[in-house]
Amino acid sequence: MSGAPVSESDVQALVDGRLAPARAAEVEAWLAERPEEAARVAALRQDRDALRAAYGPIAAEPLPPRLAAEFARTGTPSWRRAAAAAAIFALGGAAGWAAGYFGHGHDPERRDVIREAIGAHRVFIPEVRHPVEVAASEEAHLVAWLSKKLGHALKAPDLSAQGFRLVGGRLLSDNGRPAALFMYENSAGLRITIHCVAEPGASETAFRYREIDGVAAFYWIDEHLAYAVIGKLQRDKLLEVARATYAALEKK
Amino acid sequence: MSGVRALILEQVPALRRYARALTGDRERADDLVQDTLARSLSRIHLWRPAASIRPWLFTIMHNLFLNERRRASRTVQLGADPAEPAADRADSRALLDDLDRALGQLADDQRAAVLLVGVEELSYDDAAKVLGIPIGTLMSRLSRGREQLRRLLDGEGRPRIRRVK
């Protein structure tokens with residue numbers, strides 16, 4: 001118990017759920033003896049919830065064409081398509097189109113690519129002796145082989161700036177279709193994987209985020225390939241890796 | 001470069017939500033978002049990749065909002081149009097109108113603090129940076145803004161049924 005006097009900032013941070021558990025308990029105990037303050041905190045929470053409820057739906061609306069046009073105005077052709085797709089389907093909301101596309105949509109037959117990819121990640125990253133089929137020492141062969149299997153020119157992005165070096169890769173089966181896995185490792189032995197599967201006919205998407213049982217993935221579609229960058233990393237860190245991956249793949 | 005554009009695109013829904021709550025008006029909100037996008041897309045090179053993109057975009061929006069407010073001086077009344085009787089409106093619409101009206105009566109800087117922290121869930125640190133103020137100032141604006149909002153909403157003369165869920 002720190003026993004420090006409860007300040008107005010403590011009260012605000014309690015409303016926002018940003019106090020450390022121990023301090024939150026102290027502030028709650030302090031409130032328990034002050035019904036008027038406790039009622040005020042309850043009202044502040046209620047107001048915050050009301051604001052979120054009232055303005056939240058705006059974020060689930062489709063992107064108005066004139067905003068999509070800002071991206072189209074300055075972008076490359078593939079960006080114009082992405083912006084057009086974004087204008088049709090709401091971004092950010094639970095009803096996002098990539099969510100449907102990647103399998104938690106309405107079609108029960110449609111496989112869940114991200115769940116599959118995260119599953120493969122779980123299976124292969126603990127492997128000590130055989131984490132990959134082809135090691136990084138044969139990178140050129142690995143990339144050529146997987147590219148041939150998927151029918152698209154793949155790349156193993158250079159993630160050294162993010163502290164990850166290529167371990168190698170392997171061929172996977174994603175519901176009977178070939179999929180590629182690239183594995184990377186940092187100096188602490190933490191492994192991440194990049195999954196890639198061909199999605200002919202699919203349009204570009206923005207980055208999407210998903211987490212299953214503590215394993216996080218950023219995924220997107222670009223040039224008829226679906227990518228997922230997967231790891232047990234903080235969202236910010238993983239995003240940094242995903243961004244670097246995207247940037248490396250963009251470079252032709 | 002395209003990766004950054006994807007990150008900006010990903011933030012558009014949040015920018016629209018914040019702008020809508022900040023301005024109290026749909027069209028003005030999207031004007032503000034459009035200006036924010038034009039500026040950020042033309043200045044991608046100024047963004048430091050080590051930093052999170054969200055505060056950067058909100059900072060650009062905040063500065064544009066302030067410029068616009070200065071231009072429009074104090075004559076523009078923020079908030080919703082005079083409302084029809086509450087009974088005639090759908091509940092969610094009534095909630096939005098009530099909040100628009102109440103938020104419109106807050107000082108700009110207090111409204112921004114309440115929204116950035118409460119709705120956009122920026123950290124106190126990031127919210128203070130967006131507004132260009134020390135964290136202590138942010139906390140006092142947050143406190144005063146929320147307090148005034150509470151009084152305004154209580155003053156509606158109806159029981160506090162505005163919790164939607």
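Here is the naming used below: chain letters follow the sequence lines, and residue numbers restart at 1 for every chain. Quick note: numbers below take in every heavy atom, side chains included, and nothing from hydrogens, waters or symmetry partners.
- Nearest heavy atoms, A/Ala54 versus B/Leu96: O-CD1, 3.6 Å.
- Using a 4.5 Å heavy-atom cutoff, the side chains of A/Gln46 and B/Arg150 are not in contact.
- The shortest distance between side-chain heavy atoms of B/Asp100 and A/Tyr55 falls below 4.5 Å.
- Between A/Arg66 and B/Glu27 there is a salt bridge, since at least one side-chain N of the basic residue sits less than 4.0 Å from a carboxylate O of the acidic one.
- Between A/Gln12 and B/Ser143 the shortest heavy-atom distance is NE2-CA, 3.5 Å.
- If you measure heavy-atom distances from B/Asp31 to chain A, the contacts under 4.5 Å come from both the backbone and the side chain.
- Considering B/Leu153, B/Leu152, B/Val114, B/Leu99 in turn, B/Leu153 is the only one that fulfils the side chain to side chain contact (heavy atoms under 4.5 Å, CB included) rule with A/Asp47.
- Checked for salt-bridge contact, B/Glu121 and A/Arg52 meet the test: a charged N lies under 4.0 Å from a carboxylate O.
- With rounding to the nearest 0.5 angstrom, the CH2 atom of A/Trp220 is 11.5 Å from the CD atom of B/Glu10.
- What you find for B/Arg16 and A/Pro62 is that their closest heavy atoms are NH1-O, 3.7 Å.
- A/Val11 does not touch chain B: none of its heavy atoms, backbone or side chain, sits under 4.5 Å away.
- Using a 4.5 Å heavy-atom cutoff, the side chains of A/Leu44 and B/Leu149 are not in contact.
- In plain terms, the two heavy atoms of B/Pro13 and A/Ala59 that are nearest each other are CB-O, 3.2 Å.
- The two residues B/Gly118 and A/Arg48 make their nearest non-hydrogen contact at O-CG, 3.8 Å.
- For B/Ile8, the parts sitting under 4.5 Å from any heavy atom of chain A are the backbone and the side chain alike.
- Ranked by heavy-atom pairs shorter than 4.5 Å toward chain A, the options B/Arg17, B/Met139, B/Gln34 are led by B/Gln34.
- In terms of heavy-atom pairs under 4.5 Å with chain B, the best-connected choice from A/Ala13, A/Ala242, A/Gly56 is A/Ala13.
- Annotation: cation-pi pair A/Arg18/B/Tyr124 present, NZ/CZ under 6.0 Å from the ring centroid and within 45° of its normal.
- Within the 4.5 angstrom heavy-atom criterion, no atom of B/Tyr18 approaches chain A.
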